[in-house]
Structures are given as structure tokens and as C-alpha cells.
Amino acid sequence: MKRTSPSAARNSAPIADVLARELPETGLVLEVASGTGEHAVFMAARFPALQWQPTDRDPAALESIASWVRQAGHANLAAPLELDAKEGNWPVVQADALLCINMVHISPWAATQGLFERASQVLATGAPLILYGPYFENGKEAVPSNLAFDTSLRSRDPAWGIRYVSEMDDLAEHTGFVRTARHHMPANNLTLVYRRK
């Protein structure tokens with residue numbers, strides 16, 4: 001039931017260092033597409049003043065998250081909720097921040113559109129929508145590893161693939177967000193921070 005991810009073990013601390021600069025001091029963080037649940041456990045321990053709500057659309061992922069949550073026993077870490085980013089009926093109607101790690105490139109574009117559209121309803125003015133993962137950038141040569149990863153993703157599902165930051169910025173503009181930060185991360189990833197206008 002409990003899954004593990006080598007990448008989650010590697011990137012949790014660098015992501016948390018960025019979150020320390022971008023998250024509010026208190027409130028509810030809604031994590032969309034929590035995957036194994038390891039990030040949620042790590043972040044709940046790192047930020048004890050914040051309430052952490054993990055979610056996922058995949059039943060196996062929800063089982064894994066629940067197992068991690070039970071084992072961790074953090075008072076500020078809630079049981080996972082089922083949430084599909086592209087669907088309209090989210091189980092959480094208000095949050096102080098929204099975090100989404102490694103979903104955008106392994107889901108159809110409709111999921112990212114839904115993420116921003118629902119986030120615009122869930123987040124108040126100035127609240128952050130924080131995205132982590134690989135992205136392409138116009139005017140910057142993509143590293144070979146990201147190009148190979150993109151090819152692999154699209155061979156698995158043509159609707160998947162690494163997105164351009166400009167695509168994210170355009171979607172943000174259309175849904176009431178503005179990008180306020182771009183953090184370079186290890187392993188050729190980025191953390192993009194959008195705030196509700």
C-alpha cells in the first residue's frame with residue numbers, strides 16, 4: 001500500500017527551502033496530486049504551523065498517502081481527499097496556498113487548466129499557487145535530459161509532456177494569476193510561483 005519515490009526523497013528538502021520563502025506562516029496548504037504522500041509528510045513536519053491537506057485522483061495513490069499519514073501521526077497533516085484537478089467539484093473550497101509537485105507534465109493539459117481555474121476560486125488575493133517540475137523556457141536551450149524525458153512522456157501518452165513556462169504564464173493571466181517568482185531547482189527543475197490577483 002505505502003509507495004516510495006526516490007525523487008521525492010531527493011527533492012523534498014530543496015522544495016521545502018523554497019516553500020519557506022513563499023508559504024504563509026499559518027493557514028491551510030492544499031496539495032494537489034500528492035502522489036506517494038512522502039512530500040506531504042515531509043512538509044507537514046517542516047512547517048508545523050501550517051495545516052496540510054494532501055489529495056490525489058488515483059485510488060492507489062490515496063492508499064499510499066493514507067498509510068504515510070497514519071505512520072507519521074502529524075497533528076497538522078490531514079487524511080487524503082480524492083481530487084481530480086480537471087474536475088469542477090473539489091472537496092476543498094478554501095485554502096491559503098496551493099502546491100502541485102510533478103503533475104503538469106504527466107497529465108493532460110486539461111488538468112493544468114482545471115488546476116488554475118479551481119485555484120482561482122479556492123485562493124484569496126495574494127495567495128500562492130506553487131508548481132514544481134521540469135519546464136521548457138523560450139530562448140533557453142533545453143538540457144538533453146529534459147528533451148529525452150519529454151520524448152519518453154509523449155511516447156507513453158501523447159497528451160503528456162513538459163510544458164513551456166510561457167504556456168503557464170498565459171494560463172495564469174487568463175485565470176487571474178500573475179507569476180511572482182521562478183526558482184531554479186536541482187536536476188533541471190523549476191519552482192514557479194503564481195499569486196492570485
Side-chain angles (χ1 to χ4, degrees), residues 11 14-25 27-35 39 43 50 52-57 81 83-143 146-147 149-150 153-154 157-197:
N11 64 30
I15 293 173
D17 289 343
V18 170
L19 294 183
R21 300 159 59 182
E22 301 290 353
L23 290 176
E25 292 186 6
L28 174 67
V29 179
L30 173 61
E31 184 184 6
V32 174
S34 300
H39 284 130
M43 301 307 171
L50 286 165
W52 212 268
Q53 178 60 68
T55 69
D56 209 281
R57 65 180 292 275
L81 297 174
L83 185 153
D84 187 333
K86 69 180 182 296
E87 298 298 331
N89 296 320
W90 280 19
V92 175
V93 297
Q94 188 278 326
D96 300 287
L98 198 156
L99 174 66
C100 186
I101 298 172
N102 284 332
M103 182 201 83
V104 171
H105 59 285
I106 54 172
S107 60
W109 182 241
T112 300
Q113 291 174 311
L115 177 71
F116 274 83
E117 289 165 2
R118 301 292 94 71
S120 71
Q121 301 166 8
V122 168
L123 297 175
T125 300
L129 165 57
I130 304 170
L131 307 175
Y132 168 91
Y135 293 93
F136 293 137
E137 295 182 275
N138 292 326
K140 293 191 177 183
E141 186 175 355
V143 296
N146 276 359
L147 289 171
F149 186 36
D150 182 61
L153 289 169
R154 294 180 187 279
D157 189 325
W160 293 3
I162 296 177
R163 315 300 179 183
Y164 277 85
V165 172
S166 59
E167 293 178 287
M168 307 301 294
D169 290 349
D170 288 345
L171 178 57
E173 177 64 28
H174 283 102
T175 51
F177 288 87
V178 61
R179 178 157 58 88
T180 57
R182 170 200 174 278
H183 300 278
H184 181 72
M185 307 296 290
N188 301 306
N189 289 303
L190 295 175
T191 296
L192 304 175
V193 182
Y194 295 90
R195 292 188 181 268
R196 185 80 170 88
K197 293 192 286 187

Starting from the C-alpha separation in whole Å, work towards a yes-or-no answer on side-chain contact (heavy atoms from CB on, under 4.5 Å) for M43 and E31. CA-CA 10 Å; M43 301 307 171; E31 184 184 6; over 6 Å; no
Show the numbers, then the answer: is there a side-chain contact (heavy atoms from CB on, under 4.5 Å) between I130 and V18? CA-CA 10 Å; I130 304 170; V18 170; 5.5 Å; no
Test I101 against I15 for side-chain contact (heavy atoms from CB on, under 4.5 Å), laying out the working first. CA-CA 9 Å; I101 298 172; I15 293 173; 4.0 Å; yes
Begin from the C-alpha positions of L115 and L98 and carry the test side-chain contact (heavy atoms from CB on, under 4.5 Å) through to its verdict. CA-CA 10 Å; L115 177 71; L98 198 156; 3.8 Å; yes
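Atoms CD and OG1, from E22 and T191 in turn, are 9.0 Å apart once rounded to the nearest 0.5 Å. In this structure, CG in L192 is found 7.5 Å from CG in D169, a value given to the nearest 0.5 Å. Distance check: T112 OG1 to M168 CE gives 5.0 Å after rounding to the nearest 0.5 Å. The distance from atom CG of L83 to atom CG of N89, rounded to the nearest 0.5 Å, is 10.0 Å. Going from atom CG of L19 over to atom OH of Y132 covers 11.0 Å, rounded to the nearest 0.5 Å. The line from NE2 of H39 to CG of N11 is 3.5 Å long, rounded to the nearest 0.5 Å.
Look at E137 and R182 and you find a salt bridge, because one of the NZ, NE, NH1 or NH2 atoms lies within 4.0 Å of a carboxylate O, short of that distance.
Considering all non-hydrogen atoms of both residues, T175 and L171 come closest at OG1-O, 2.8 Å. Among all heavy-atom pairs drawn from G114 and W90, the shortest one is O-CZ2, 4.1 Å. The two atoms that bring V165 and Y194 nearest to each other are O-OH, 4.1 Å, heavy atoms only. Between A85 and R118 the shortest heavy-atom distance is O-CG, 4.2 Å. Heavy atoms only, all atoms of each residue included: K86 and A111 are closest at CB-CA, 3.7 Å. D96 and P24 get closest at one heavy-atom pair: O-CG, 4.0 Å.
A side-chain donor-acceptor contact under 3.5 Å links R154 to the backbone of W160. Using a distance-only test at 3.5 Å, with no hydrogens or angles considered, no donor-acceptor pair links the side chain of T55 to the main chain of L81. Checking side-chain atoms of D56 against main-chain N and O of S34 turns up a donor-acceptor pair under 3.5 Å. Remark: the backbone N or O of S120 is paired with a side-chain donor or acceptor of R196 at under 3.5 angstrom. Panel note: side chain R163, backbone H105; no donor-acceptor pair is recorded below 3.5 Å. For the pair N146 (side chain) and N188 (backbone), a donor-acceptor distance under 3.5 Å is present.
Side chains of N138 and Y164: a donor-acceptor N/O pair is absent below 3.5 angstrom, by distance only.
Taking a 6.0 Å sphere around CZ of R179, one finds it holds more than 12 heavy atoms contributed by other residues, nucleotides or ligands.
Within the 4.5 Å cutoff, side-chain heavy atoms of E173 are placed close to those of K197. L190 has its side chain within reach of H184: a pair of non-hydrogen atoms, C-beta onward, lies under 4.5 Å apart.
Ring geometry, F177 versus F116: the interplanar angle exceeds 60°, so the pair is classed perpendicular (tilted spans 30 to 60°).
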